[in-house]
Amino acid sequence: IPTYASSAEAFASAGGKEHPQGLLAIVQQQKTTLQDLTPERFAWGVAVVAPQDPGNIGTILRSIDAVGAGGLVILDGGADPYHHTSVRAGMGAHFWHPLVQTSFEDFAKWAQRHGYQIYGSSKGGEDNFLDVEYEQPSILLLGNERTGLAEKHKAICKEVVSIPMQGQVTSLNLAVAASVLLYAMQSQFSKV
């Protein structure tokens, strides 16, 4: 791999971090589409509707890697999944798992065509996430940080689950909620 030295000013402008580690990589993004994903190669994963925080995208990808899920589908835009904050939070998961950007409508058709079970998450969800029997192939569907899932998103879900909250806050950070739910799903899938 060719390496090049740069001036401190050029490095600082591209690094996006106050105290960088001294290495910066320029890589070609892998282009993955929904058509590349099948239940055989993508048994379960996560879809997020228009996430706003690039750090959440990277953290979700990192959790996907930790539980052995397939990858991430980003619906209807949102933050750049290749933003330096996202890539840093992903700790390499961007290079190991497919990341697809598409519309909700195309995603819904793809999921139905391939027989995916969609499990939505919402603070108003009918079922406690621990009481659900998750089936593969499956997708965990999450809304964005501000608005959550709209009714059209919930309409394609087999179940809409919630994470019980006992403190004073009303919700978890998007990436934290994704991690909690992914581990609940993984605990069932590992028994199969």
Side-chain angles (χ1 to χ4, degrees), residues 16-18 29 32 34 37 42 44-67 69-108 110-111 116-130 132 134 138-186:
K17 189 174 179 184
E18 190 171 322
Q29 297 172 4
T32 305
L34 282 176
L37 306 180
F42 190 85
W44 66 299
V46 178
V48 183
V49 180
Q52 301 302 300
D53 182 344
N56 281 337
I57 295 170
T59 302
I60 292 169
L61 271 167
R62 188 174 177 179
S63 294
I64 285 168
D65 182 67
V67 300
L72 178 62
V73 181
I74 297 179
L75 307 173
D76 296 338
D80 177 6
Y82 295 100
H83 186 277
H84 60 83
T85 302
S86 177
V87 174
R88 188 168 45 251
M91 296 293 292
H94 287 72
F95 305 108
W96 306 319
H97 296 281
L99 194 154
V100 174
Q101 297 178 5
T102 191
S103 70
F104 173 74
E105 290 73 20
D106 288 346
F107 165 77
W110 167 84
Y116 280 92
Q117 304 299 317
I118 309 295
Y119 298 96
S121 174
S122 173
K123 67 179 179 178
E126 301 89 32
D127 299 306
N128 181 317
F129 77 105
L130 294 171
V132 173
Y134 301 98
S138 61
I139 302 288
L140 172 62
L141 178 61
L142 304 165
N144 76 23
E145 299 89 337
R146 191 173 54 83
T147 59
L149 293 177
E151 290 306 315
K152 72 176 184 176
H153 304 132
K154 293 177 186 177
I156 70 164
C157 295
K158 177 177 182 174
E159 297 192 52
V160 179
V161 302
S162 63
I163 300 172
M165 304 290 293
Q166 297 185 17
Q168 301 302 310
V169 297
T170 59
S171 66
L172 294 173
N173 166 276
L174 178 64
V176 171
S179 298
V180 168
L181 295 166
L182 283 167
Y183 272 98
M185 295 172 80
Q186 187 254 9

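If you read the sequence from its start, that first residue is 1, and numbering goes on from there. Note that these values count all heavy atoms, side chains included, but never hydrogens, waters or copies made by symmetry.
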Checklist outcome for this item: Closest non-hydrogen contact found for Ser63 with Ser179 is OG-OG, 2.5 Å

Item to check | Audit row: Glu126, Lys154, salt bridge (charged side-chain N to carboxylate O under 4.0 Å, His left out) steps and yes/no | outcome: CA-CA 11 Å; Glu126 301 89 32; Lys154 293 177 186 177; over 6 Å; no

Checklist entry - Quick one: are Asp127 and Val160 in side-chain contact, heavy atoms under 4.5 Å? => result no

Next on the checklist: Restricting to non-hydrogen atoms, name the atom on Asn144 and the atom on Val49 that form the minimum distance, rounded to 0.1 Å.
Outcome noted: CB-O, 3.0 Å

Next on the checklist: For Tyr116 and Trp110, I'd like to know if the aromatic rings sit close, meaning centre-to-centre distance below 6.0 Å.
Outcome noted: yes

Checklist outcome for this item: Output for pair (Ile156 CD1, Ile118 CD1), nearest 0.5 Å, gives 5.0 Å

Next on the checklist: For the residue pair Asn56 / Thr59, report whether a side-chain donor-acceptor contact shorter than 3.5 Å exists.
Outcome noted: no

Item to check | N/O donor-acceptor pair under 3.5 Å between Gln52 side chain and Ala50 backbone | outcome: yes

Item to check | Minimal non-hydrogen separation, Phe42 against Gly71, with atom names | outcome: CE1-N, 3.1 Å

Item to check | Rounded distance (nearest 0.5 Å) linking atom CG of Leu141 with atom CG of Leu149 | outcome: 5.0 Å

Checklist entry - If we only count heavy atoms from C-beta on, is the Leu142 to Val46 side-chain gap below 4.5 Å? => result yes

Next on the checklist: Within this structure, what is the CG-CZ distance for the pair Leu75 and Phe104, rounded to the nearest 0.5 Å?
Outcome noted: 7.5 Å

Checklist entry - At what distance, to the nearest 0.5 angstrom, does NZ of Lys123 lie from OG of Ser162? => result 11.5 Å

Checklist entry - How many angstroms lie between CD in Gln186 and OH in Tyr134, if you round to the nearest 0.5 Å? => result 12.5 Å

Item to check | Closest non-hydrogen atom pair, Pro51 against Ile74 | outcome: CD-CG2, 3.7 Å

Item to check | Nearest heavy atoms of Val87 and His94, plus distance in Å | outcome: CA-CE1, 3.5 Å

Next on the checklist: Keeping His83 on the side-chain end and Asp80 on the backbone end, is there a donor-acceptor pair under 3.5 Å?
Outcome noted: no

Checklist entry - Is the shortest heavy-atom distance from the side chain of Val100 to the side chain of Leu72 under 4.5 Å? => result no

Item to check | Residue pair Val48 / Gly143: nearest heavy atoms and the distance that separates them | outcome: CG1-O, 4.0 Å

Checklist entry - Should Asp53 and Leu174 count as side-chain neighbours, where that means a heavy-atom distance under 4.5 Å? => result no

Checklist entry - Would you say Val67 and Trp44 make side-chain contact, with heavy atoms under 4.5 Å? => result yes

Checklist entry - Below 4.5 Å, heavy atoms only, C-beta onward: do Phe107 and Ile139 meet side chain to side chain? => result yes

Checklist outcome for this item: Output for pair (Glu151 CD, Ser122 OG), nearest 0.5 Å, gives 8.5 Å

Next on the checklist: I'd like to check Met185 versus Tyr119 (side-chain heavy atoms, cut-off strictly below 4.5 Å). Are they in contact?
Outcome noted: yes

Next on the checklist: Please determine whether the number of non-hydrogen atoms from other residues, nucleotides or ligands lying under 6.0 Å from atom CE of Met91 exceeds 12.
Outcome noted: no

Checklist entry - Do the side chains of Leu182 and Ile64 get nearer than 4.5 Å, heavy atoms only? => result yes

